[in-house]
Each structure stands twice: as C-alpha cells, then as structure tokens.
Amino acid sequence: MRRSIILRAALFAGFAIVTAHLHAQRSAVPLAAPTPPMGWNSWDAYGLTVTEDQFRANVNLLATKLKPYGWNYAVIDEGWFFFNPQDRPHPDLLHYSIDPWGRYVPVPERFPSSTSLPGNQIAPTAPAFATPPRLAATVAETSFKPLADWVHAQGLKFGIHIVRGIPRASVERNLPIAGSSFHAADAADTSDACPWDPTNWGVKDNAAGQAWYDSLLEQYATWGVDLLKVDCISDHPYKADEIRMIRRAIDKATARTGRPIVLSLSPGPTALEHADEVAAEAQMWRISDDVWDLWSNPKPWPIAVSSQFARLAAWAPHVKPGHWPDADMLPLGELRPSPGTGAPRSTRLTPAEQRTQLTLWSIARSPLILGANLTLLDDATLHLLTAPNVLRIDQTAIRSRQVFQSGGVIAWIADLPASQPPGLPPALQPPLHSSVAEASRALALFNTGDQQVTITAGFAAYGLDAASYRVTDAWTGKFLGRMNSVAGVTIEPHASVLWLLN
C-alpha cells in the first residue's frame with residue numbers, strides 16, 4: 001500500500017511538471033486566433049461528400065476573391081475518411097479509411113494527392129479484438145500533407161473536422177497507438193458513444209487515452225493542420241476530460257512545430273457555466289446547435305438566425321483575443337450540390353436577412369465561417385462578404401455588447417480602436433483621416449419583427465452620449481453627415497442598419 005501511494009504521488013508530481021512545462025511552451029508560441037477566424041467550410045454545400053477536386057476549386061476562389069478581405073481558413077468537414085459517405089444513414093455499411101495506428105486517413109479515391117507521400121513506419125501487428133471485425137475498413141497510409149501544403153502555398157490555412165474519440169473500427173482490430181505501448185482497446189470507453197454519430201467510441205481519461213490524442217495531434221501537425229474542429233464534445237454531451245486531453249496534445253504538437261493549431265469545439269449550445277473552462281482550452285466554441293438558412297423556426301432544430309441574438313448577448317462578456325464564442329456558419333449563397341441538411345438550394349435567407357446575419361455576427365465578434373459553394377458565388381453574395389467596414393468591426397472591435405431591446409428592436413454597440421492593429425489586411429484598412437478611420441463606435445440597430453418600424457429613441461437610449469455624431473453607413477461607406485439622433489430611421493422587417501460614429 002505504501003509503495004502504491006508513493007508511486008501515485010510520483011506520477012502526479014511528474015504530471016504536474018509536464019503540465020507546467022507545456023504551459024510555459026504554450027506561452028512561447030504565437031497566440032492562436034488573435035482575431036475571430038474567418039474562412040470557408042465544406043459542410044453547408046457538400047456535407048459528407050466533398051472531394052479533393054471540389055475542395056481545390058473552392059480554395060482557388062477563396063484565395064482570389066475573399067482572402068484579400070481576411071477570409072483565410074479552408075476547412076474539410078466531416079466524412080473525409082468514408083469510402084461511401086452516401087451510406088452514413090446505415091452505419092453498418094460504412095467503409096472507413098484508417099492507418100496502421102488506427103487513425104482516420106483520407107480516402108485516396110476522393111483525395112488522390114493523399115497517396116503522393118511515403119507513409120510512416122508500419123505498425124506492428126496487433127492482437128485481434130473482435131474476430132472477424134464487423135466494420136469494414138481499409139488499413140493504409142495516406143496523408144493530407146500534400147493538400148495542406150498546396151493550401152498553404154495559396155497563402156491560406158488548412159483545417160479538418162473530426163468527432164471526438166477513437167474509431168470503432170480500430171478498436172475492433174485493437175490496433176496499436178503510435179508512440180506508445182498501448183492499443184486501441186486500452187484507450188476506448190465502449191460505454192461512451194456520441195449519441196448522434198456511429199463512428200467512434202469515447203476515450204478514457206487515462207494514460208492510454210492521452211496517448212491516443214497525442215498520436216492524433218502528432219499526425220495532424222505533420223500534415224500541416226491549422227484548425228481542428230472537434231465535434232460531439234461541447235454539448236450533448238459536454239466532455240471536459242476529452243477537451244483537456246486534446247488541449248494537452250495540441251500543446252505538445254505546437255511546441256514541436258512552432259505553429260499554433262486553432263481548436264474549435266462543436267456542437268452547441270455550450271453551457272455558460274463552462275465559459276471559463278472552454279476559454280482556457282479552446283479558441284472557438286459553439287454557442288448553439290447547427291444554424292441553417294432560416295430566419296425563424298418553431299422547431300428546436302435547426303437553429304434559426306433570429307434566435308442567435310439572445311445567445312450572442314449572453315456570451316458577449318466572454319469574448320477576448322484568442323477565445324471566441326462561435327455563432328456557427330454563414331449559410332449564404334448556393335448550398336449545393338449536397339448540403340449537410342436538406343435539398344440542394346440557394347440560401348432561403350432574404351437579402352435583408354443575410355445582411356442582418358453578417359451584421360450581428362460581426363458586431364458580436366463571432367468567427368465568420370462561410371458555407372457557400374464558392375464556385376457558384378454570385379456578385380450579390382460576393383459584395384456582402386467583402387464589405388470592409390463590416391469585416392473590420394468583427395476583426396478589430398475592442399468591446400461589443402447588446403445595449404437595448406424593445407419589442408423587435410435590438411441595438412448593439414462596439415468600441416473601436418483608436419488605431420488599426422497590425423496584421424489587418426490592406427483591403428480592410430480605412431482611408432487615412434476619413435470619417436471611417438476616425439470612428440470610435442459602431443452602432444447596429446436590428447428590426448427582428450415582421451413589421452416595418454421607425455426608431456424613436458435617441459443616442460442616449462443606446463448607452464451613448466446624448467450628443468451629435470459624424471455618421472457613416474458601414475455597409476455602403478457613405479457619409480451621412482452629423483446627426484444628433486437616430487429617431488426617424490425606418491427599418492424594414494428582419495433588416496438592420498450599421499453605423500460608424502465619431
């Protein structure tokens with residue numbers, strides 16, 4: 001017993017030393033996501049089915065049309081390891097692509113460049129855990145590194161989506177865990193499964209579980225992953241232990257490579273009671289379940305745009321550099337050929353609703369992750385996504401908050417910096433000595449109701465001085481003159497105005 005106690009104390013002491021070392025290493029690495037991440041994700045247009053050709057075609061448009069305005073992440077969402085993603089509704093029919101260490105790898109038929117690099121050392125043979133394995137899997141070495149290298153060559157950043165845990169197909173085969181003496185069965189918690197995803201088992205909070213996540217992040221860092229979106233971890237259920245294991249694994253990988261990896265937690269709604277914990281471990285966390293192209297929805301899912309006002313207001317005190325409450329993706333433009341839910345379509349949001357969504361996301365400083373098929377990007381959507389004053393608010397505001405609500409009228413204000421921070425894309429930098437450059441506040445007024453409204457309140461109602469301001473329309477860039485009130489402004493249903501004040 002005494003020996004056991006001494007050994008346990010030594011283990012805890014060693015863990016504390018390692019943890020302190022990792023925190024010191026983390027502080028030496030550049031801050032991940034100092035501003036809200038902006039980019040594109042494949043889910044809204046391609047669901048589980050995206051291929052390399054489709055991904056590259058979208059990245060080409062991202063690089064040429066949107067990167068100048070700060071949109072710089074290109075993310076492959078769920079399903080890149082399925083040979084047959086169309087069979088996702090029938091889990092027993094799925095065919096997985098895994099490497100000899102039990103980790104998912106890209107399907108070469110869908111991502112041909114994944115076979116162009118030599119693989120890692122082949123893993124030793126593992127004892128069978130189930131005979132024969134029930135789940136179909138091809139065990140081979142493929143890699144996203146060639147594709148990530150190409151994305152980086154475009155001046156962009158590369159991201160992938162995973163579901164927390166360890167593949168059931170790997171557990172059935174009891175494959176070894178890279179860099180350790182453990183096998184998949186040592187790490188798997190077969191009593192814990194994501195309630196809506198059939199691919200993985202949960203991971204035990206033990207040495208084998210940590211070794212599993214260490215092996216994953218070592219793989220992703222080698223590939224060149226800049227953003228890791230982890231699903232089934234931020235709510236239904238909330239898995240604090242796995243979040244911490246992933247954080248430790250990211251810190252180890254980042255210390256080796258010197259390149260930060262943004263951790264994005266999904267789905268929501270992340271509970272406000274976990275705010276301090278998720279802010280300490282992640283750069284992005286979802287504040288709601290999936291948002292789709294609906295203004296309102298009487299059903300609990302999917303989440304409608306109008307329901308995000310209250311959630312963003314509640315999370316506003318927790319916004320800070322490197323840590324961003326995430327209002328979810330922007331389902332704008334063309335959601336086709338195979339959206340993550342529903343039939344192929346153009347967004348169902350009206351032009352006014354689209355502008356309102358981008359206004360709200362920006363003044364609340366949410367990450368801006370676009371779901372449109374960029375190869376079908378029309379001029380109206382492109383204009384919406386390249387409004388420099390609006391994007392600048394999202395990227396530079398110092399403090400944002402909801403300050404007024406009366407009926408369907410909601411107001412937000414954001415404090416703006418006296419000078420533009422370094423690293424701001426040239427397209428977002430305001431003209432020197434202009435009313436835009438000198439603005440100290442942004443004011444957004446929203447009409448969430450179904451009838452036209454005329455504003456009757458003055459500036460003082462929104463926490464502003466009861467004085468006059470030089471006003472610029474943030475969307476058009478038009479100088480509106482000096483105004484001493486917003487009374488008399490008319491806003492159409494579901495529409496908004498966004499002003500810069502100085």
Side-chain angles (χ1 to χ4, degrees), residues 30-46 50 52-77 113 144-161 223-229 259-262 264 283-284 321-322 324 326 329-334 354 357-358 361-362 365-397 420-431 474-475 477:
L31 180 66
T35 59
M38 298 173 61
W40 175 84
N41 179 294
S42 62
W43 181 253
D44 282 5
Y46 296 94
V50 70
E52 181 168 340
D53 284 348
Q54 292 167 332
F55 179 74
R56 285 178 181 262
N58 279 272
V59 170
N60 281 327
L61 273 296
L62 181 67
T64 57
K65 293 185 179 295
L66 296 180
K67 186 183 75 170
Y69 296 86
W71 303 86
N72 62 355
Y73 282 93
V75 182
I76 297 175
D77 210 274
S113 71
F144 266 138
K145 187 177 190 313
L147 189 55
D149 287 347
W150 176 79
V151 170
H152 294 152
Q154 316 309 308
L156 300 170
K157 299 180 181 181
F158 179 68
I160 60 172
H161 169 286
W223 287 353
V225 170
D226 301 292
L227 183 149
L228 180 63
K229 177 181 176 182
R259 182 171 58 214
I261 297 175
V262 169
S264 171
Q283 284 71 48
M284 299 166 55
W324 308 107
D326 179 9
M329 291 166 57
L330 300 163
L332 307 176
E334 294 297 318
Q354 294 175 51
Q357 183 185 28
L358 198 52
W361 266 234
S362 294
R365 303 206 71 194
S366 172
L368 301 177
I369 307 297
L370 179 63
N373 184 332
L374 298 182
T375 70
L376 303 174
L377 196 62
D378 59 53
D379 289 343
T381 306
L382 178 62
H383 182 72
L384 187 75
L385 300 172
T386 56
N389 298 323
V390 181
L391 300 179
R392 190 185 313 114
I393 293 169
D394 179 80
Q395 294 294 290
T396 69
Q420 300 307 316
L424 193 68
L428 300 190
Q429 295 177 5
W475 276 102

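Side-chain atoms are counted along with the backbone in the values below, which use heavy atoms only and exclude waters and symmetry mates.
- Listed here is the closest heavy atom pair of A74 and V59: CB-CG2, 3.7 Å.
- Contacts of N373 classified as side-chain hydrogen bond (donor to acceptor under 3.5 Å, both in side chains), with partners at least two apart in sequence or in another chain: Y46, T375.
- Atom CZ of residue R392 and atom CD of residue Q420 lie 5.5 Å apart, to the nearest 0.5 angstrom.
- Heavy atoms only, all atoms of each residue included: N389 and G477 are closest at ND2-CA, 3.8 Å.
- A distance of 4.0 Å separates CH2 in W40 from CG in N58, rounded to the nearest 0.5 Å.
- With rounding to the nearest 0.5 angstrom, the OG atom of S366 is 10.0 Å from the CG atom of L358.
- The main-chain N or O of S113 is found under 3.5 Å from a side-chain atom of E52 such that the two form a donor-acceptor pair.
- One N or O on the side chain of D226 and one on the backbone of F158 form a donor-acceptor pair closer than 3.5 Å.
- Judged purely by atom type and a 3.5 angstrom limit, D394 has no side-chain atom pairing as donor or acceptor with the backbone of V390.
- Contact detail for P37 and Y73: the closest heavy-atom pair is CB-CE1, 3.8 Å.
- Closest heavy-atom contact between D77 and K229: OD2-NZ, 3.0 Å.
- Of the possible polar contacts, one joining the Q429 side chain to the L424 backbone as a donor-acceptor pair under 3.5 Å is found.
- One finds the CG atom of L227 at 12.0 Å from the CD1 atom of I76 (value rounded to the nearest 0.5 Å).
- You'll find the side chain of K65 reaches within 4.5 Å of the side chain of L382, heavy atoms only.
- Of all non-hydrogen atoms in R365 and T396, the two that sit nearest each other are NH2-N, 3.4 Å.
- Counting all heavy atoms, side chain and backbone alike, A45 lies closest to A372 at CB-C, 4.2 Å.
- The backbone N or O of L377 lies less than 3.5 Å from no partner atom in the side chain of T381, so there is not a single donor-acceptor pair.
- Looking only at distances, a side-chain donor or acceptor of H152 sits under 3.5 Å from a matching main-chain atom of A148.
- Considering only heavy atoms from C-beta on, Q154 stays 4.5 Å or farther from K67 through its side chain.
- Of the possible donor and acceptor atoms, one in the side chain of W71 sits under 3.5 Å from a partner among the backbone N and O of L385.
- Between the CD1 atom of I261 and the CD atom of Q283 there is a distance of 10.0 Å, given to the nearest 0.5 Å.
- A 4.5 Å side-chain heavy-atom check between L391 and M38 finds at least one atom pair inside the cut-off.
- Separating the CG atom in L332 from the CD atom in Q357 is a distance of 5.5 Å, to the nearest 0.5 Å.
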**Study point:** side-chain contact (heavy atoms from CB on, under 4.5 Å) evaluation trace for L368 with W361
**Key:** CA-CA 7 Å; L368 301 177; W361 266 234; 3.7 Å; yes

